[in-house]
Colleague: 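Handing you a structure now.
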Number of protein chains: 2
Amino acid sequence: MLDERKTAILSAVVHEYIATALPVGSSHIARASGVGVSSATVRNEMAVLEQEGYLVQPHTSAGRIPTDKGYRFFVDHLAAPGRVDEATTRQVGAFFEAAHGRLEEMLHQTSDLLTKLTHNAAVVLGPKADAATIRSAQIVRLSPNAATVVLVFGNGNVENEVIAVDETTPDTVLAAASVHLARTLTGGTLGALDLVSSVGDEAVDAICTSAVEAMRVVSNDAHVYVGGASTVADSFDAVDVVRQVLHTLEQQFVVVSLVRDIVDRGMSVAIGVEHGVEPLSACSVVVAPIVVDGEHLGSVGVLGPTRMNYPQALATVDMVSNRLGRRLGES
Amino acid sequence: MLDERKTAILSAVVHEYIATALPVGSSHIARASGVGVSSATVRNEMAVLEQEGYLVQPHTSAGRIPTDKGYRFFVDHLAAPGRVDEATTRQVGAFFEAAHGRLEEMLHQTSDLLTKLTHNAAVVLGPKADAATIRSAQIVRLSPNAATVVLVFGNGNVENEVIAVDETTPDTVLAAASVHLARTLTGGTLGALDLVSSVGDEAVDAICTSAVEAMRVVSNDAHVYVGGASTVADSFDAVDVVRQVLHTLEQQFVVVSLVRDIVDRGMSVAIGVEHGVEPLSACSVVVAPIVVDGEHLGSVGVLGPTRMNYPQALATVDMVSNRLGRRLGES
DNA sequence: CGTTAGCACTCGGTATCCTCGATTGCCAAG
DNA sequence: CTTGGCAATCGAGGATACCGAGTGCTAACG
């Protein structure tokens, strides 16, 4: 749909604009890029590209900048199959080499890693607890009328939630429930659990039920880590854009559904208005699913200005999600 | 040191500037405030106040704005003993009424609450795990060479950390270590623990030692929750100030020591450069310790522009820290 | 002697105007 | 179809002038 020369010109505009954030003019393209053609010709082509919606002029007598559509074409057809530079590879490698310990901590650090590598805000949606193998379950009394149920998962994750218990419930009943819970849950997953088998004792059953119920709720609210929010202040000059974006990023709910939505639609990049979150219309989001054994357990992504470095972001996000998936699969 | 009229004028300037963010002139004061005196007199007084370092003129022929010293005098001598408005009282009450469940979640929400109430960034430094009573301890194997140690505390907190184990270590040894750990720790605190008693079995002892060591480390890195960072974008017009502040806020380490330092010095407000963190010199920090049974378990605070509403911030932070302390004391 | 009115002065902010340069669109020639 | 040339456009940046808020000073006042 776009002949080769237009393609080359569009590509050059995008590259240049990403690098400089300045509207780029025809002469610049004619001179610098590989298209061996005069500025006048470039001008003509750019006029067409503008008509077709790939470019806009901020004002007459300024150069052109890419539209969302322009970026879209760029990432779909032009972005060189992502190569991450060697330094990045090394850093990611070192990171996952050293990564240890608690799941949440690792995910948190992963978002920082992505920020460091891409200089954009980063989002990590942790795996839902649903799918992980339960290695241990217990109920611990905290006070006369509260107890906490603790589940340890094979991937190093530990979830807990407080449940209410009756003051009159003796410790022995709690202990029995704990044992029963452990027996029922260990080795399985929360997701595959249909309902808790009964032990006959009403009090014990009641506690087990509420424990499982609580854990179901907990395992549903995703762990989400947003890192590098301060980079958006670096990405935009307009302070009101910064405000809007930061404010939106703080609403975890919005961020989660934003990323989920993009991943669910099978996309890896959402450019500007494509993601439908109006306050973020100056931003693009690059995501990748975290896949373990064919299962989609979470997502990682970065969020930056529409004029972000897509090839690098795509490659980096891909690499990190892969390594993270592999890492999660190990345990 | 400041006669009554100067005091009144300073107070009026601070109030006005906090409200409008605009330099305030003598005529304004003469007209609006209670000082029944002409603008010329006010001018004279203001000139003195400037010499003494309480006020500055951004430029000749502009009104005056308070200096850090001016704010300091204001909060020390002029701020009306903090009254929170009724709506706030109600909101805080409702919040702690409804607060339940996991400690980390509650602390996180507390920082959001503070942000909502003061429209400033909020910091909550969670209690170190040191002091809480241990209700349960166990070791769970995750993989041939990793296990996680889980501690449940009386306040609803659950800490866990992954430790390395030898592949050759049989499950029975782990189980023994788990039992021994539970016996040793339950009912006590990490802080009061000197060293783990031996059971004679070398392998078991080794695991217990590394488990306790890991938990000691974990219990030392404070839980810190920073909420409402996006409000700093609302507080400053200069985008580079926003950048600096946000960037600083993202460095948990800096935030923690900042707050700790202020609390340790027995202060409740640090104004501008007083806290010594240079990139935050346009900000003030209002803090209050979380006290439970006379023990200082953590801190809450808000961070905003030096021209923040000190009386309200002080009162709100105080109220929240009190309620939080009371809440933590319950369990 | 403290207070006040009056006044000259200062200086930042805003508006206006102009110039400069980058860039475009178009046209006519190659 | 491409290209060189050229007039036209328009924002950015700089200079200028004006306005108004606010000050400091001085002289008068009670």
Side-chain angles (χ1 to χ4, degrees), chain A residues 2-10 12-17 19-67 70 236-239, chain B residues 2-10 12-67 70 236-239 307:
Chain A
L2 244 43
D3 65 56
E4 198 169 330
R5 197 169 60 189
K6 288 195 186 59
T7 293
I9 290 174
L10 178 54
V13 172
V14 172
H15 271 121
E16 186 70 14
Y17 186 66
T20 66
L22 260 35
V24 9
S26 53
S27 46
H28 229 263
I29 300 290
R31 208 177 324 117
S33 97
V35 236
V37 97
S38 81
S39 71
T41 308
V42 174
R43 254 193 315 277
N44 291 329
E45 298 287 50
M46 280 168 77
V48 178
L49 284 169
E50 174 160 14
Q51 274 191 325
E52 309 257 337
Y54 294 98
L55 298 175
V56 273
Q57 286 179 279
H59 25 262
T60 327
S61 91
R64 257 99 173 184
I65 64 178
T67 60
F236 298 101
D237 285 332
V239 68
Chain B
L2 246 41
D3 65 56
E4 197 167 333
R5 197 169 60 190
K6 286 194 187 59
T7 293
I9 289 173
L10 178 54
V13 172
V14 173
H15 271 120
E16 187 71 12
Y17 186 66
I18 284 177
T20 66
L22 262 35
V24 9
S26 55
S27 47
H28 230 261
I29 299 291
R31 209 177 323 119
S33 96
V35 236
V37 97
S38 80
S39 69
T41 309
V42 175
R43 256 195 311 279
N44 292 330
E45 297 287 52
M46 280 168 76
V48 178
L49 283 170
E50 177 161 11
Q51 276 192 324
E52 310 257 336
Y54 296 98
L55 298 176
V56 273
Q57 284 180 279
H59 25 263
T60 329
S61 92
R64 258 99 174 184
I65 65 179
T67 60
F236 298 101
D237 284 332
V239 70
R307 43 162 276 276

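Per chain, numbering begins at 1; letters A, B, ... match sequence-line order.
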Colleague: Near DNA chain C, which residues from residues 12-24 of chain B have a heavy atom under 4.0 Å away?
Modeller: none

Colleague: Less than 3.5 Å between a donor and an acceptor, one on the side chain of B/S61 and one on the base of C/dT10, is that the case here?
Modeller: yes

Colleague: With heavy atoms under 4.0 Å as the rule, sort A/T41 into base, sugar-phosphate or nothing.
Modeller: base

Colleague: Please figure out whether A/H28 or A/A40 has its closest DNA chain C nucleotide nearer the 5' end.
Modeller: A/H28

Colleague: How close or far is atom C1' of C/dT4 from atom CD1 of B/I29, stated in whole angstroms?
Modeller: 18 Å

Colleague: Which pairs of donor and acceptor atoms, one on a side chain in residues 54-67 of chain B, lie under 3.5 Å apart (sequence neighbours left out)?
Modeller:
residue : atom : partner : partner atom : Å
B/Q57   : NE2  : B/A62   : O            : 3.2
B/R64   : NE   : B/E50   : OE1          : 3.0
B/R64   : NH2  : B/E50   : OE1          : 2.8
B/T67   : OG1  : B/G53   : O            : 2.6
B/T67   : OG1  : B/Y54   : O            : 3.2
B/T67   : OG1  : B/K69   : N            : 3.2
B/T67   : OG1  : B/G70   : N            : 3.0

Colleague: Indicate whether OP1 or OP2 belonging to C/dT4 is found under 4.0 Å from a side-chain N or O atom of B/S38.
Modeller: yes

Colleague: Any chance you could lay out the side-chain contact (heavy atoms from CB on, under 4.5 Å) test for A/V14 and A/L10, step after step, and finish with the verdict?
Modeller: CA-CA 6 Å; A/V14 172; A/L10 178 54; 4.1 Å; yes

Colleague: Under 4.0 Å, counting only non-hydrogen atoms across every strand here, what does A/A62 touch: a base, just sugar-phosphate, or nothing?
Modeller: sugar-phosphate

Colleague: Rounded to the nearest 0.5 Å, how far apart are CD of B/E45 and CG of B/L2?
Modeller: 9.0 Å

Colleague: What's the spacing between A/L49 CG and A/E52 CD if we round to 0.5 Å?
Modeller: 7.5 Å

Colleague: Which pair of heavy atoms, one from A/I9 and one from A/M46, lies closest together, and at what distance?
Modeller: CG2-CG, 3.9 Å

Colleague: Step by step, work out the side-chain contact (heavy atoms from CB on, under 4.5 Å) result for A/D3 and A/K6.
Modeller: CA-CA 5 Å; A/D3 65 56; A/K6 288 195 186 59; 2.7 Å; yes

Colleague: Heavy atoms only: give me the nearest A/S39-A/S27 pair and the separation to one decimal.
Modeller: CB-CA, 3.8 Å

Colleague: Bend angle of the helix from C/dC1-D/dG30 to C/dG30-D/dC1 from five-pair axes at both ends, rounded to 10°?
Modeller: 20°

Colleague: Heavy atoms under 4.0 Å, any strand shown: does A/S26 hit a base, just sugar-phosphate, or nothing?
Modeller: sugar-phosphate

Colleague: Checking A/D237 now: which residues fulfil side-chain hydrogen bond (donor to acceptor under 3.5 Å, both in side chains) with it, not counting sequence neighbours?
Modeller: none

Colleague: Identify the 5'-most and 3'-most nucleotides of DNA chain D with at least one atom closer than 4.0 Å to a non-hydrogen atom of chain A.
Modeller: D/dT2 to D/dG11

Colleague: According to a strict under-4.0 Å criterion, is A/S27 in side-chain N/O contact with OP1 or OP2 of C/dA22?
Modeller: no

Colleague: Where along residues 42-59 of chain A does a heavy atom come under 4.0 Å from DNA chain C, residue by residue in number order?
Modeller: A/R43, A/M46, A/Q57

Colleague: Mind calculating the distance between CD1 (A/I65) and C1' (C/dA22) to the nearest angstrom?
Modeller: 16 Å

